[in-house]
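Inspection log for the structure reproduced underneath, given as structure tokens.
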Amino acid sequence: MERRKEGITAKTPEGAGVLNAPLKPTTATSTQMPADARCAECGKTEVRLLRCGRCKVTHYCSARCQRMHWSAHRDRCIAPIQSKSCSTTQLNSPTTESAPHKKDGDGSPSVAPITSFSSSSCASSSSSSSSSCTSSGRTHSQEKPSQDFFCVTTESDRGRCAVALRDLEEGTVVWREKALSLAPLGKKESGRGAVCAHCCVPLASDAKDAWRRCPVCAVVFCSQSCVDEAMELYHDLECSHRETLVEAANKAQLDLSVLILALRSTLAILRKPAHLLESVAPDRNARLTAMSLRAHEEFLDEQAADRLRRVAAFLWKLLSPAQAEQLPVEKMFRLLCILNTNTFACEHWSVNEHGRPTGRGIFPTASLFNHSCRPNCCIVVHGRRISVRVISPIRKGEELTVTYIDTSLPVHTRQKRLLKGKFFLCDCVRCHPDASVEEAGSVRCPSCETGFIPAPNLLSAATRFLSLNKDVPRDDVAEVVRATKLKATEPRSLHYLLSKTFTFTASSRCDNENCSHVMSLSEMQRAHQQRKKLLSNSLAIVDHQEQRKALLFLLSDFSKRLSLKHHDRLLVIGHLLSLCHEITPATQVEHLSYVEQVVRFNEANHPKNSPTVGNALDLAGNLYLLAAQVTEDQSEKHKLRARAHSYLEKAIQHLTVSLGDRHPNTLSVLQKFNAIFS
């Protein structure tokens, strides 16, 4: 079905509302145009702007710009809301959601060549490309918000924060956004098969007829709509310089995806000059711009900064003279620094591939959400779109947080990764020095062999170090955290001191009162590297029976040296369960014991209602069903089925909250549950 509005034609998906409301002139008699009003697509301000006839807040310089911007604007095109004034800036909530791809793929066999590789793709194809990459579906009632969910404030120690304007329930979608740019990860980094070069969705092996391969650079797209949008946005330039990009990535010792993402982001910003603005505040009419994000270039050491400057100079030379004048090489360097710390991994949750990243993208406004190791929201990526969903109840005035890393890692590993990659020390309730000891990083004391040595807390080490350092005298935790951010006098030198010194100063003591053995963080890291190497050698064994024997030996060894809830030990158990394709009466007790440990570990170390917990519950339900099939005793069979029923029911609840009731993973578990227990 098509709907035509004053010269603008757009396809209307089934169940959708009014598309592309007609443009209305902005005049002094109708609506006073804001002083900072600009075209939402091209950023022009010096022309007579027109106003969207539906939401009456977004401006365009022409009908063409409205059509080009529709794929990003449609989620925000809602009627004006009469709400109470707020001293802080407010953000509108989106209204619709597209479901993700239904199936994952594997490998990249030969596919049909691209049927049309022309840069002059029609506007209707571009505007509907997002819905073509993802299958549309009616959303849950709670995913159709009618008012603003959060506002943006600025804190001295945390920067910009998203704060709830009202109480939020589990499963509420508080933000949706289309990626400014997206780039697939390499197979080695992602651990996945082939993915679409545009939307980064795994290529489904049963949909090879829809695949399109570029005849020049041989990259594969999942559909013709992805080809059309890629050609319009970036592929001409990227394809013609593919070999040069590969050579530059190898020379700079960077993954090719880093350069591709930088090039695509550059072209996206040049298409939308509004993103060149470096000082823009988010409000209910405009999103954050890419260049307004924190670059943190002052935290880079000289070697890393020099490498990024060389990459910036290389990419700048690929631009045309007009583009190079619009985006100087210094701004290109700043953009690379922004991409270094503000990108999100695209994790397409599926039944068989639990959240392994397929790509990385930049979503400027989604970067507002700060990190916590116990977050109340989660990030879900649908093709080129990102959604922020509430996974635990939020009270009015509380900050909305997400996690940037795997929260099941030991506290010192989480802190070091955040310090190295994001340039801050986490001081959440789990990372605070006064927090309870986590068993995920505890090792058995080699001296008394009865006590356990918990993982050192880097924040405690930072407190001790900075309180004794006369150059940076800071005693309390808040000042230590603030010192690792932009408020520090000499952030680069201070960050270097923090990152290098903690490895040698951080240590922890045995919890046995009769033992005084102390283990440093460097010792723990060396032991972890040895365990990691042993696990890699075991997983490299091709024969499944031999691999299982090697993993069982590692599990026995790790159980003697680590706590029962240590991350490395549970990792071995997870690989053992991945080899379990059937359960026999002899192995039933063993496998059910393993899966119970996995469930308890994930529930303790991952956020409530996270997809990881939901998938662990789904795995437990499947194993209990397998155990029930091989059990002859009817009473025991009934108990096992009841246990499976409980786990699958919990899995559906968790996945509905974190992924949505229309996500393929949620639907798969629900269909299995109904088929077995209906």
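- Residues Lys272 and Glu41 meet the side-chain proximity criterion, which asks for heavy atoms closer than 4.5 Å.
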Apply the test side chain to side chain contact (heavy atoms under 4.5 Å, CB included) to residues Arg264 and Leu267: give CA-CA distance (whole Å), side-chain angles for both, the deciding distance (0.1 Å), then the verdict.
-> CA-CA 5 Å; Arg264 294 182 182 183; Leu267 297 177; 5.9 Å; no
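- To the nearest 0.5 angstrom, Arg334 atom CZ is 13.5 Å from Leu308 atom CG.
- Looking at Lys251 and Arg307, their side chains never come closer than 4.5 Å, going by heavy atoms from C-beta outward.
- Contact between Ala262 and Thr266 at its shortest, heavy atoms only, is O-OG1, 2.8 Å.
- The shortest side-chain heavy-atom distance between Ile362 and Leu293 falls under the 4.5 Å cut-off.
- Contact between Phe149 and Val174 at its shortest, heavy atoms only, is CD1-CA, 3.5 Å.
- Taking NE2 from His241 and CZ from Phe314, the interatomic distance works out to 7.5 Å, rounded to the nearest 0.5 Å.
- At least one side-chain heavy atom of Leu619 sits under 4.5 Å from a side-chain heavy atom of Leu577.
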Audit row: Leu182, His198, side chain to side chain contact (heavy atoms under 4.5 Å, CB included) steps and yes/no = CA-CA 7 Å; Leu182 207 64; His198 181 65; over 6 Å; no
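- Distance check, rounded to the nearest 0.5 Å: OG1 of Thr403 to CD1 of Ile379 gives 10.0 Å.
- Between the NE2 atom of His606 and the CD1 atom of Ile391 there is a distance of 11.0 Å, given to the nearest 0.5 Å.
- With rounding to the nearest 0.5 Å, the separation of CG in Asp661 from CG in Leu667 is 7.5 Å.
- When each of Leu245, Leu336, Val246, Thr244 is tested with Leu259 by the rule side chain to side chain contact (heavy atoms under 4.5 Å, CB included), just one qualifies, namely Leu245.
- Remark: Arg294 CZ to Asn342 CG distance equals 10.0 Å, nearest 0.5 Å.
- For the pair Ala651 and Asp618, the tightest heavy-atom approach, listed with the atom from each and the gap, is CB-N, 3.7 Å.
- The main-chain N or O of Leu327 is found under 3.5 Å from a side-chain atom of Trp316 such that the two form a donor-acceptor pair.
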Derivation of the side chain to side chain contact (heavy atoms under 4.5 Å, CB included) call for Cys239 and Cys217 | CA-CA 6 Å; Cys239 183; Cys217 63; 3.7 Å; yes
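- In this structure a side-chain-to-backbone donor-acceptor pair under 3.5 Å is present from Asn370 to Arg160.
- Checking side-chain atoms of Gln323 against main-chain N and O of Leu270 turns up no donor-acceptor pair under 3.5 Å.
- With Arg384 contributing its side chain and Cys199 its backbone, the two residues share no donor-acceptor pair below 3.5 Å.
- Residues Val227 and Gln224 have side chains in contact (heavy-atom distance under 4.5 Å, counting atoms from C-beta outward).
- In terms of heavy-atom proximity, Pro611 sits nearest to Leu659 at CG-CD2, 3.8 Å.
- Around the CZ atom of Arg271, the shell of radius 6.0 Å holds more than 12 heavy atoms that belong to other residues, nucleotides or ligands.
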Does the pair Val219 and His235 meet the rule for a side chain to side chain contact (heavy atoms under 4.5 Å, CB included), with working shown?
-> CA-CA 10 Å; Val219 298; His235 192 73; 3.5 Å; yes
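- Remark: aromatic rings of Phe344 and Phe369 are distant, center separation not under 6.0 Å.
- Proximity of a side-chain donor or acceptor of Ser668 to a complementary backbone N or O of Pro664 within less than 3.5 Å is not detected.
- Nearest approach of Cys373 to Arg414, heavy atoms of both residues: SG-NE, 3.2 Å.
- Smallest separation of non-hydrogen atoms from Ile269 and Ala290: CD1-CB, 3.9 Å.
- Side-chain atoms of Gln547 come within 3.5 Å of backbone N or O of Ile541 as a donor-acceptor pair.
- You'll find the side chain of Asn602 stays beyond 4.5 Å of the side chain of Ser408, heavy atoms only.
- Within the 3.5 Å criterion, the main-chain N or O of Tyr60 finds no donor-acceptor partner in the side chain of Gln66.
- Side chains of Leu263 and Ile260 form no contact here, defined as non-hydrogen atoms less than 4.5 Å apart.
- The cationic group of Arg212 does not satisfy the cation-pi geometry with Phe221, failing either the under 6.0 Å distance to the six-membered ring centre or the 45° limit from the ring axis.
- A donor-acceptor contact shorter than 3.5 Å links the side chain of Arg389 to the backbone of Val657.
- The closest side-chain heavy-atom distance from Val216 to Arg242 is not below 4.5 Å.
- Thr358 places a side-chain N or O within donor-acceptor distance of the main-chain N or O of Cys200, the cut-off being under 3.5 Å.
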